[in-house]
Amino acid sequence: MNVLSVASEVYPLVKTGGLADVVGALPAALVPHGIRTRTLIPGYPAVLQKLKKKKTVGGFDNLFGKPASILAAEYDGLDLLVLDQPALYNRDGGPYLDATGRDYPDNFRRFAALSLAAAEIAGDNAIANWKPDIVHVHDWQTALTPVYMRFGSARATPTVMTIHNIAFQGQFGASAFPELALPPEAFSVQFVEYYGDVGFLKGGLQTATAITTVSPSYAQEILTPEFGMGLEGLLASRVDDLTGIVNGIDADLWNPQTDPHIVAHFGPGTLKRRGANRKALEDRFGLEKDPGPIFCVVSRLTWQKGMDLLAEVTDDIVALGGKLIVLGSGDAALEGALLAAASRHRGRIAMVTGYDEPLSHLMQAGSDAILIPSRFEPCGLTQLYGLRYGCVPVVAETGGLADTIIDANEAALSAKVATGFHFRPVTADGLRLAIRRVFRAYNEPKVWARLQNQGMKSEVSWAKSAERYAALYSGLLAKG
Ligand SMILES: Nc1ncnc2c1ncn2[C@@H]1O[C@H](COP(=O)(O)OP(=O)(O)O[C@H]2O[C@H](CO)[C@@H](O)[C@H](O)[C@H]2O)[C@@H](O)[C@H]1O
């Protein structure tokens, strides 16, 4: 079976968050199921520079006003198609934001072009001798693909639309519509019209054959007004086509026995070796060296991720004898609040502002617990990395966090299945209480070691979830 996966980022070429990890790891996990995935991404400068051998396999004379080529390349096991259209993608900033952190004003055009190219590749002639059996699109940036397919030559090809985060919907003013090269009837409630605007995600959810999101709990949550962000009604009308498939992680990339980014390798039987990683972190972050637990946070600094709640509990962590290290960037006010905590508690709290993939590995390998106080979390990946690295996850009881971590309540502890800590309500007090529970468990070395070991035994690879995607694809093909 051939699958065309369409996304705005893919690890290791271009990553701003978990979307890239998923798009990068799923293709290899599908291979044992006889599925060959080609991944279509935009030709950002960072992508084109890294790809040495590229072959032009197709193109468009006029894609949103300019010629464009489709390049084929292999990278790190990925079979890539790259949409090269310099006017749209050759920019100085990141995939979505300019160098000053603002959305590119023509993002609707940039991602409509990607979606239209995908629809053409799925259709008759864009690439010679290759056509997908299934088209799988991710998030709002590629959500117009099934809409274009509906009006193009790939009408019959089944599509899967995965929601990684419903908070980002790609909503643009109605004035964008005439530029989208869609027929006038597409500006209607059955397609892209969304409260008078153009809704990319809305159009995708309306037209994709199947809808998935990245955990079963989030699939249920987005049917409610609290989490559905305005799309709960539409999703309710498509509930028979909606499933939640939890994310896995790349178990080779995130393997504490071989990870090149950490100081000492370790496994379930050799947890003591984590000590060298802990020491490296203490040195790197200028922390005092005492046995209190080190909490870490690796996150975008946003309200979604509950970083304001974190800022409220920093004094408590220190008062209880703990330390906190934060790696992240985002909202300036939240960054400021955490930096202020670091300067109040030198040696106990420290922060690295920015994005640092290798450091994120070392933090998982040397910290004792990872805090994830998200207000909503479709799946979350950092708790899965935590499980694999013996860094006990402390998570808000929501979405994929609730689905992947087993709370250390009395029943779970005595059944020896607990892997971390849940808290709810998702408030500063809820988090405070959870942190107190962490200290109690940490002070009982046997309990703590059992939590770590149980976590390290958890199945976090893609194996099971890839099987679910494979079954979904086959089901769609069988339906015809
Ligand atoms: N400063 C930093 N330096 C280095 N690495 C950093 C970093 N900040 C974050 N990261 C990394 O970025 C990724 C974040 O992934 P998440 O799944 O936690 O959230 P995100 O909200 O981006 O993804 C959305 O999509 C994913 C994929 O489906 C869902 O799991 C999630 O719930 C949803 O919100 C992880 O690999 C993490 O290690």
Side-chain angles (χ1 to χ4, degrees), residues 5 7-12 14-26 94-96 136-142 160-169 201 212-219 221-222 227 229 244-251 253-254 259 261 296-307 310 325-331 334-335 338 351-365 367 370-389 391 393 395-396 398-405 460 462 465 469:
S5 169
S8 54
E9 49 186 276
V10 61
Y11 184 86
V14 51
K15 166 170 167 178
T16 72
L19 167 66
D21 291 326
V22 172
V23 174
L26 185 55
Y96 319 116
H136 187 164
V137 305
H138 300 268
D139 274 354
W140 74 264
Q141 294 89 348
T142 58
V160 177
M161 159 97 244
T162 296
I163 305 168
H164 294 266
N165 190 339
I166 208 163
F168 303 114
Q169 301 190 351
L201 184 63
T212 70
T213 187
V214 287
S215 69
S217 286
Y218 193 62
E221 287 170 351
I222 54 180
F227 292 95
M229 311 241 171
I245 302 178
V246 82
N247 288 333
I249 63 173
D250 184 327
L253 208 63
W254 290 92
D259 191 329
H261 304 305
C296 77
V297 169
V298 179
S299 183
R300 286 188 283 119
L301 304 179
T302 61
W303 183 88
Q304 175 203 337
K305 300 287 182 185
M307 288 296 113
L310 176 72
I325 52 178
V326 181
L327 168 62
S329 62
D331 186 295
L334 294 173
E335 218 169 283
L338 292 167
M351 170 152 160
V352 169
T353 312
Y355 193 90
D356 189 333
E357 191 85 26
L359 180 58
S360 74
H361 286 238
L362 183 64
M363 288 170 76
Q364 297 275 11
S367 306
I370 179 160
L371 296 177
I372 313 177
S374 306
R375 287 197 167 79
F376 64 94
E377 195 60 78
C379 179
L381 296 172
T382 54
Q383 82 279 14
L384 303 179
Y385 304 145
L387 288 176
R388 189 133 163 90
Y389 279 64
C391 181
V395 303
T398 185
L401 299 175
D403 287 350
T404 55
I405 303 302
V460 291
W462 269 105
S465 298
Y469 278 110

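Both backbone and side-chain heavy atoms feed into the values below; hydrogens, waters and symmetry mates do not. For ligands, and for the atoms within them, numbers begin at 1 and follow the listed sequence.
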Going by the 4.0 angstrom heavy-atom rule, the piece of Thr16 near ligand 1 is neither
Between Val214 and ligand 1, which part of the residue brings a heavy atom under 4.0 Å of the ligand: side chain, backbone, both or neither?
side chain
Nearest-option assignment for [atom], heavy atoms, candidates [options]:
| atom | options | value |
| --- | --- | --- |
| atom 11 (C) of ligand 1 | Met363, His138, His361, Lys15 | Lys15 |
| atom 13 (C) of ligand 1 | Ser215, Gly18, Gly330, Ser299 | Gly18 |
| atom 37 (C) of ligand 1 | Leu384, Leu359, Thr382, Leu301 | Thr382 |

What are the two closest non-hydrogen atoms of Thr404 and Gln383, and how far apart are they?
OG1-NE2, 3.1 Å
Which residue and heavy atom of the protein sit nearest [atom], plus the separation:
| atom | result |
| --- | --- |
| atom 29 (C) of ligand 1 | Gly380 N, 3.6 Å |
| atom 18 (O) of ligand 1 | Leu381 N, 3.5 Å |
| atom 19 (O) of ligand 1 | Lys305 NZ, 3.1 Å |
| atom 6 (C) of ligand 1 | Tyr355 CE1, 3.3 Å |
| atom 21 (O) of ligand 1 | Arg300 NH2, 2.6 Å |

Side-chain ([X]) to main-chain ([Y]) donor-acceptor, under 3.5 angstrom:
| X | Y | answer |
| --- | --- | --- |
| Asp403 | Ser217 | yes |
| Thr213 | Ala219 | no |
| Glu221 | Phe376 | no |
| Ser215 | Pro378 | yes |
| Glu335 | Ser329 | no |
| Arg375 | Lys305 | no |
| Thr162 | His138 | no |

Any idea which atoms of ligand 1 are less than 4.0 Å away from a heavy-atom of [X]?
| X | result |
| --- | --- |
| Asn165 | 34 (O) |
| Tyr385 | 35 (C), 36 (O), 38 (O) |
| Val22 | 27 (C), 28 (O) |
| Gly328 | 1 (N) |
| Leu19 | 25 (O), 27 (C) |
| Asp21 | 13 (C), 35 (C), 36 (O) |
| Gln304 | 34 (O) |

Determine whether Thr16 and Glu9 satisfy the following criterion, side chain to side chain donor-acceptor pair (under 3.5 Å), listing intermediate values before the conclusion.
CA-CA 8 Å; Thr16 72; Glu9 49 186 276; 2.7 Å; yes
Do any heavy atoms of Gly400 fall under 4.0 Å from ligand 1?
no
How long is the straight-line distance from CG of Asp21 back to SG of Cys379, given to the nearest 0.5 Å?
11.0 Å
Rounded to the nearest 0.5 Å, what separates atom CG in Leu381 from atom CH2 in Trp254?
9.0 Å
Evaluate [X] for polar contact with ligand 1, using N/O atom pairs at a separation under 3.5 Å.
| X | value |
| --- | --- |
| Asp356 | yes |
| His164 | yes |
| Glu377 | yes |
| Gly354 | yes |

Measure centre to centre between the rings of Tyr385 and His361, then say whether the value is under 6.0 Å.
no
Go through it in stages, so that I can follow the logic: the residues are Tyr96 and Ser8, the test is side chain to side chain donor-acceptor pair (under 3.5 Å), and I'd like the CA-CA distance, side-chain angles, deciding distance and then a yes or no.
CA-CA 9 Å; Tyr96 319 116; Ser8 54; 2.8 Å; yes
